[in-house]
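What follows is a short report on a single structure.
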Amino acid sequence: MNEMSPLARTPRERKPDWIRVKAPGGSAFAETKAMMRRLNLNTVCEEAACPNIGECWTKKHATVMILGDTCTRACAFCNVKTGMPRAVDALEPQHTADAAAELGLEHIVITSVDRDDLPDGGASQFVKVIQALRRTTPNTTIEILTPDFRNKAQAAIESIVEAGPDVYNHNLETVPRLYPTIRPGARYYASLRLLESVKRHDPRIFTKSGVMLGLGEERLEVHQVMDDMRSAEIDFLTMGQYLQPTPRHAKVIDFVSPQGFDAYAAIARAKGFLLVAASPLTRSSYHAGDDFAKMRAAREAKLAKA
């Protein structure tokens, strides 16, 4: 690849300055952490070692991870521990709503571990959390980031859609060629069909998906993923740099420059996404509230032109 290309990449041994972040700290950060412990809630911010935790928790934004802290899968990119999960916490839905109220959240993101051990994959817990939030903080908009509910009935997904989240997110994570090594427990086209079925069941719900870069994907493969997403009518694309959480996880093959992310974002916007968030530190729930407002405004502007 030409060194002057906007998609030029930096070798792994030269960790670039653009992905360095400040260490978390401060009173607001400590208060957010203490509240999560008091309510016995897990967060993907901690469990997945998100680089933005310092910024988000200082602003009292946190992404709640329901259904425990133990995943039934072992994806090569993910820092969440794998094993046999504990029983589902019946108090978790209301505790999640209490956290949203205490933090004064206008927008909340709810995700979960994979729970292949449960008959519905944990879909009913998502429904209960949405219902608790609607009762307790009715003005809070709700974004969910679900697993793929592999081998579960379509009714599991439809039950969540019927509960009425404002945004339904499910990440494709990487290009199809890398699934066997990076996301071996999932199927690329099954994830696409999930998001397509959400939009078909309720077109009012915004759909969202994301990919990590730096795992060895090729530029044209990323473009094809964008096309596949648009064919599934996905509204919002997020793109961020993969960072290796521990030595036992998949290695970073390359670092994509900020200019490279800008180039990908320009292509994605040209393909028709309502919103694109692409930068080295972009993550699924990073600035999610602000992005939701932008996405809603973009839809309104699009409808006004129709």
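One finds the CG atom of Asn42 at 11.5 Å from the OG1 atom of Thr111 (value rounded to the nearest 0.5 Å). Atoms OG and CG, on Ser209 and Leu237 in that order, are 7.5 Å from each other to the nearest 0.5 Å. Between the CD atom in Glu106 and the OG1 atom in Thr141 there is a gap of 8.0 Å [rounded to 0.5 Å]. We find the CD1-CG distance between Ile157 and Leu195 to be 9.0 Å, quoted to the nearest 0.5 Å.
Residues Ala76 and Thr181 share a closest heavy-atom pair of CB-O, 3.3 Å. Of all heavy-atom pairs spanning Tyr264 and Arg219, the tightest one is OH-CA, 3.3 Å. When every heavy atom of Ala97 is checked against every heavy atom of Thr137, the shortest pair comes out as O-CG2, 4.2 Å. Of all heavy-atom pairs between Thr282 and Ala277, the closest is CG2-O, 3.6 Å. Across Tyr179 and Ala186, no two heavy atoms sit closer than the pair CD2-O, 3.7 Å. The two residues Ala156 and Ser159 come nearest to each other via the heavy atoms O-OG, 2.6 Å.
In the hydrophobic clustering of ILVMFWY residues, with side-chain heavy atoms under 4.5 Å counting as a link, Met65 and Leu118 come out together. Hydrophobic clustering (ILVMFWY, side-chain heavy atoms < 4.5 Å, transitive): Ile234 and Ile160 are in one cluster. Leu194 and Val113 fall within the same hydrophobic cluster, defined by Ile, Leu, Val, Met, Phe, Trp and Tyr side-chain heavy atoms under 4.5 Å apart, directly or through other members. Residues Leu67 and Leu91 are members of separate hydrophobic clusters, defined by side-chain heavy-atom contacts under 4.5 angstrom among Ile, Leu, Val, Met, Phe, Trp and Tyr. Put simply, Met212 and Met239 are part of the same group of oily side chains (I, L, V, M, F, W, Y) that touch within less than 4.5 Å, one to the next.
Scored by the side-chain contact (heavy atoms from CB on, under 4.5 Å) test, Asp117 finds Thr72, Pro85, Arg115 as partners (sequence neighbours excluded). Considering only residues two or more places apart in sequence or on other chains, Asp166 meets the salt bridge (charged side-chain N to carboxylate O under 4.0 Å, His left out) condition with Arg134. Every residue meeting the side-chain contact (heavy atoms from CB on, under 4.5 Å) condition with Asp202, not counting sequence neighbours, appears here in chain and number order: Val161, Arg204, Ile205. Residues that satisfy the salt bridge (charged side-chain N to carboxylate O under 4.0 Å, His left out) test with Arg135, not counting sequence neighbours, are absent from this structure. The salt bridge (charged side-chain N to carboxylate O under 4.0 Å, His left out) check on Arg177 picks up Glu221, with sequence neighbours excluded.
In this structure, the side chains of Lys81 and Asp69 come closer than 4.5 Å at one or more pairs of heavy atoms. In this structure, Pro258 and Ser279 have side chains that are not in contact, with every pair of non-hydrogen atoms separated by 4.5 Å or more. Contact of the Thr96 side chain with the Ile66 side chain is registered, since non-hydrogen atoms from C-beta on lie closer than 4.5 Å. Contact annotation: the side chain of Met229 approaches that of Val211 to within less than 4.5 Å [non-hydrogen atoms, C-beta and beyond]. A 4.5 Å side-chain heavy-atom check between Leu220 and Gln224 finds every atom pair outside the cut-off.
In this structure a side-chain-to-backbone donor-acceptor pair under 3.5 Å is present from Ser257 to Gly260. A donor-acceptor pair under 3.5 Å links the side-chain atoms of Thr140 to the main chain of Leu105, judged by distance alone. A distance-only check finds a donor-acceptor pair linking the side chain of Arg37 to the backbone of Leu41 [under 3.5 Å]. The backbone N or O of Phe77 lies less than 3.5 Å from no partner atom in the side chain of His249, so there is not a single donor-acceptor pair. Here the side chain of Gln244 pairs a donor or acceptor atom with the backbone of Thr246 at under 3.5 angstrom.
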Practice prompt. Might you work through the side chain to side chain donor-acceptor pair (under 3.5 Å) test for Gln154 and Ser197, ending with a clear yes or no?
Written response: CA-CA 9 Å; Gln154 178 66 21; Ser197 70; 3.3 Å; yes

Fill in: salt bridge (charged side-chain N to carboxylate O under 4.0 Å, His left out) between Glu102 and Arg38, intermediate numbers included
CA-CA 12 Å; Glu102 192 167 329; Arg38 174 166 45 83; 2.5 Å; yes

Item to complete: Kindly indicate, with the supporting measurements, whether the criterion side chain to side chain contact (heavy atoms under 4.5 Å, CB included) is fulfilled by Thr70 and Met84.
Response: CA-CA 7 Å; Thr70 304; Met84 181 54 67; over 6 Å; no

Worksheet item: Which is it for Ile182 and Tyr242 under the side chain to side chain contact (heavy atoms under 4.5 Å, CB included) test, yes or no, and what are the steps along the way?
Response: CA-CA 11 Å; Ile182 301 302; Tyr242 168 68; over 6 Å; no

Going by atom type alone, with no hydrogens or angles, which donor-acceptor pairs under 3.5 Å involve a side-chain atom of residues 168-176 and a protein atom two or more places apart or on another chain?
{"from": "Tyr168", "atom 1": "OH", "to": "Thr146", "atom 2": "OG1", "distance (Å)": "2.8"}
{"from": "His170", "atom 1": "ND1", "to": "Thr146", "atom 2": "O", "distance (Å)": "2.8"}
{"from": "His170", "atom 1": "NE2", "to": "Arg183", "atom 2": "NH2", "distance (Å)": "3.4"}
{"from": "His170", "atom 1": "NE2", "to": "Ser191", "atom 2": "OG", "distance (Å)": "2.7"}
{"from": "Asn171", "atom 1": "OD1", "to": "Gly210", "atom 2": "N", "distance (Å)": "2.8"}
{"from": "Asn171", "atom 1": "OD1", "to": "Ser284", "atom 2": "OG", "distance (Å)": "3.4"}
{"from": "Asn171", "atom 1": "ND2", "to": "Ser284", "atom 2": "OG", "distance (Å)": "2.6"}

Review item, side-chain donor-acceptor pairs of residues 124-131, under 3.5 Å, at least two apart:
{"from": "Ser124", "atom 1": "OG", "to": "Asp120", "atom 2": "OD2", "distance (Å)": "2.9"}
{"from": "Gln125", "atom 1": "NE2", "to": "Asp89", "atom 2": "O", "distance (Å)": "3.0"}
{"from": "Gln125", "atom 1": "NE2", "to": "Glu92", "atom 2": "OE1", "distance (Å)": "2.9"}

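Salt bridge annotation for Glu158-Arg200: absent, with no cationic side-chain nitrogen under 4.0 angstrom from a carboxylate oxygen.
Leu145 forms part of no hydrophobic cluster, judged by ILVMFWY side-chain heavy-atom separations under 4.5 Å. Through side-chain heavy atoms spaced under 4.5 Å, either directly or across other Ile, Leu, Val, Met, Phe, Trp or Tyr residues, Leu303 is tied to no other residue. Cluster note: Val167 groups with Phe206, Phe236, Leu274, Leu275, Phe292, Met295 through ILVMFWY side-chain heavy atoms spaced under 4.5 Å, whether in direct contact or through intervening members.
If you run side chain to side chain contact (heavy atoms under 4.5 Å, CB included) between Gln241 and each of Asp254, Leu281, Val252, only Val252 comes through.
Applying the salt bridge (Lys or Arg N to Asp or Glu O under 4.0 Å) rule to pairs touching residues 227-241 yields Lys199-Asp235, Asp227-Lys271, sequence neighbours excluded. Among residue pairs with one or both ends in residues 139-156, those qualifying as salt bridge (Lys or Arg N to Asp or Glu O under 4.0 Å) are Arg73-Asp148, Asp116-Arg150, Glu143-Lys208; sequence neighbours excluded.
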